K.L.:
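One structure, pasted below without further comment.
In this text, all values refer to a predicted model and were calculated from it rather than measured experimentally.
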Amino acid sequence: MEEQLLQLYKKSTVADSAYLIADGKAYLFVTEADKYLLQGKNLIIGATELVLGAKTNENILRLETALALKGTTIKKIPAATLIQGLDNSAFAMNLAIVEAKMLVLTNEILKKDLQLDSQLVKEKNICIEYFTIIQSLQKEYDKRRLPWIKELIEKYKTSLIYKKGEAFTRATESLKVETPRELSSNTIEFPPGSVLCQEGSIGDFMYILESGQLEVYIQNAKVATIAEKGTVIGEIAMLLSMPRTATLKAQNTVLVTKVTRDDLKQSSSPQLIQMLLVSLAKKHQANVMHIEDINEKKALAYAEKKEQEPHKTDIHRYINELSQLKSGLEKLINTKQADYLEYILKIK
């Protein structure tokens, strides 16, 4: 028997409320071809846009279309009520758990699409490199206030490749926080070579890095180093009690603050869980943008009956734009004798 579904809201419409599903499930459609299922008790959906809007002072339209089972007990939560509720740590925690689920499920859609098309992976990497160069130039301008650096930034920042690079970077960047004083007693020291958590183990806590350097391993291969104070690690595994996706090892003496779900729920200060929630919402939004972009390329390929041609065209254009950016920067380095910017040309 087919499920009878009720539309809660439609993609690209104004977000004015969230919805509490007492016990049931909801289908979220990013595109007609890309959907995922959320299921559980006290499930609050439709909060992503409201949280982002409150933190950015922008009107964020619905990212997805949401359908729920007819007959399910559903309560509408006005936007103002939801935003006020963020000051309650337990309520914000509930939202963060749902947001983490949505992020994991949209990650799965992206992973499937990217595995099917290596051209999309190349495009993503080019966009991230372009965005990182512009961001590095922005930091140099903020430090030196040289007009010609600003002119270079403004010339290239309007490109679509920059916007895409920003979204891709946002989807993968780590959250940085200041550890609440009330959690100072949770700080732990690990000597060099210690394993902080093992890939595949169930996550029931996260870490905030206070000092030292951490090495990240996936399937015994080192993939990254984490050294920036305040970096949050393992929040999704902690929120969802999921298996860890990587092993963390101490490269030198490391100080971390261990944070559990109970720590977050019982906190008298909801700022940390609010920051986690906003970070997850931004990554969810970035995933949706990426999925939409992939879907648009598929549609163009089908319409033109040239399955790979749109991807190749984009990559060639993006490679050319990246080359122009680097060439423009290199000329300015030479004419302005700005050797201090040479490191930016080596960004990959």
Side-chain angles (χ1 to χ4, degrees), residues 55-56 110 114 118-178 209 211-218 221-233 246 251-252 275 278-279 282-283 285-287 289-290 293-294 311-348:
K55 297 302 177 182
T56 61
L110 277 176
L114 292 175
S118 61
Q119 298 286 347
L120 291 169
V121 178
K122 292 177 183 177
E123 179 184 311
K124 175 183 176 181
N125 292 336
I126 292 168
C127 292
I128 289 175
E129 184 177 348
Y130 187 102
F131 172 77
T132 306
I133 289 174
I134 296 293
Q135 287 299 99
S136 298
L137 284 169
Q138 184 64 56
K139 289 179 182 177
E140 291 293 340
Y141 173 73
D142 292 341
K143 186 195 306 182
R144 304 174 191 278
R145 293 292 166 179
L146 296 171
W148 55 268
I149 295 182
K150 185 177 182 180
E151 289 174 9
L152 185 67
I153 293 169
E154 290 179 345
K155 180 178 179 181
Y156 291 100
K157 195 174 181 178
T158 56
S159 173
L160 176 61
I161 186 175
Y162 174 85
K163 296 295 182 185
K164 286 189 176 183
E166 181 179 25
F168 296 149
T169 302
R170 185 186 293 171
T172 56
E173 65 186 1
S174 299
L175 173 63
K176 312 293 189 303
V177 301
E178 185 172 336
L209 180 63
S211 64
Q213 292 186 326
L214 291 169
E215 296 176 328
V216 183
Y217 290 83
I218 296 178
K222 183 179 175 181
V223 296
T225 299
I226 301 172
E228 192 169 347
K229 176 179 169 58
T231 300
V232 175
I233 311 141
Q251 184 173 317
N252 48 21
M275 292 179 72
V278 172
S279 174
K282 286 181 178 179
K283 291 179 180 181
Q285 182 188 39
N287 275 1
M289 291 173 62
H290 197 179
D293 186 52
I294 291 172
H311 300 349
K312 291 179 180 177
T313 302
D314 280 348
I315 285 180
H316 290 157
R317 186 173 76 250
Y318 290 164
I319 290 174
N320 185 49
E321 288 188 37
L322 179 60
S323 177
Q324 288 177 11
L325 171 59
K326 287 185 170 182
S327 177
L329 175 56
E330 190 171 14
K331 286 178 183 176
L332 283 173
I333 289 173
N334 293 331
T335 57
K336 302 292 185 180
Q337 297 183 329
D339 294 349
Y340 50 84
L341 296 180
E342 283 188 346
Y343 77 93
I344 299 178
L345 290 172
K346 299 175 184 178
I347 289 174
K348 291 292 183 183

K.L.:
Side chains of Y141 and E151: donor-acceptor distance under 3.5 Å anywhere?
P.N.:
no
K.L.:
Supply the atom-to-atom distance Y340 OH to R144 CZ, rounded to the nearest 0.5 angstrom.
P.N.:
5.0 Å
K.L.:
To check you understand the geometry: which heavy-atom pair defines the closest contact between Y217 and K222, and what is its length?
P.N.:
CD2-N, 3.4 Å
K.L.:
Does atom NZ of K163 have more than 12 heavy-atom neighbours, drawn from other residues, nucleotides or ligands, at distances under 6.0 Å?
P.N.:
no
K.L.:
Check whether S323 reaches the backbone of I319 with its side chain - one donor and one acceptor, N or O, closer than 3.5 Å.
P.N.:
no
K.L.:
Can you tell me how far CG of L214 sits from CD of E228, rounded to the nearest 0.5 angstrom?
P.N.:
12.5 Å
K.L.:
What's the shortest heavy-atom distance between G328 and L152, and which atoms?
P.N.:
C-CD1, 4.4 Å
K.L.:
Other residues, nucleotides and ligands only: do more than 12 of their heavy atoms fall within 6.0 Å of NZ on K176?
P.N.:
yes
K.L.:
Do K55 and K282 come close enough that some side-chain heavy atom pair is under 4.5 Å?
P.N.:
no
K.L.:
If you round to the nearest 0.5 Å, how far is CZ of R317 from OG of S159?
P.N.:
8.0 Å
K.L.:
With heavy-atom distances below 4.5 Å as the criterion, would you say the side chains of L345 and I333 are in contact?
P.N.:
yes
K.L.:
Can you tell if the side chain of I226 reaches within under 4.5 Å of the side chain of S174, non-hydrogen atoms only?
P.N.:
no
K.L.:
Distance check, rounded to the nearest 0.5 Å: I149 atom CD1 versus L332 atom CG?
P.N.:
8.5 Å
K.L.:
For Q324, is there any backbone N or O sitting under 3.5 Å from a side-chain donor or acceptor partner on Y156?
P.N.:
yes
K.L.:
Report the C-alpha distance between Q138 and D142 in whole Å, list the side-chain angles of each, state the deciding distance to 0.1 Å, and finish with yes or no for side chain to side chain donor-acceptor pair (under 3.5 Å).
P.N.:
CA-CA 6 Å; Q138 184 64 56; D142 292 341; 3.0 Å; yes
K.L.:
Provide the closest heavy-atom pair for K155 versus T158 in the form atom of the first, atom of the second, distance.
P.N.:
O-OG1, 4.0 Å
K.L.:
Please report the interatomic distance CG(L325) to CZ(F131), rounded to the nearest 0.5 Å.
P.N.:
13.0 Å
K.L.:
Does the side chain of Y343 reach to within under 4.5 Å of the side chain of E140, using non-hydrogen atoms?
P.N.:
yes
K.L.:
Test Q135 against Y162 for side-chain contact (heavy atoms from CB on, under 4.5 Å), laying out the working first.
P.N.:
CA-CA 10 Å; Q135 287 299 99; Y162 174 85; 3.1 Å; yes
K.L.:
May I have the step-by-step check of side-chain contact (heavy atoms from CB on, under 4.5 Å) for V278 and L175, ending in yes or no?
P.N.:
CA-CA 10 Å; V278 172; L175 173 63; over 6 Å; no
K.L.:
Is it true that atom CD of E342 has more than 12 heavy atoms of other residues, nucleotides or ligands lying nearer than 6.0 Å?
P.N.:
yes
K.L.:
Does the side chain of E129 come within less than 4.5 Å of K326's, by heavy atoms?
P.N.:
yes
K.L.:
Working to the nearest 0.5 Å, report the span between CD1 of I128 and CD1 of I347.
P.N.:
12.5 Å
K.L.:
Looking only at atom types and distance, does a side-chain atom of N252 sit under 3.5 Å from a main-chain N or O of G212, one as donor and one as acceptor?
P.N.:
no
K.L.:
Find out whether D293 and E123 are in side-chain contact, i.e. whether some heavy atom of one side chain is under 4.5 Å from a heavy atom of the other.
P.N.:
yes
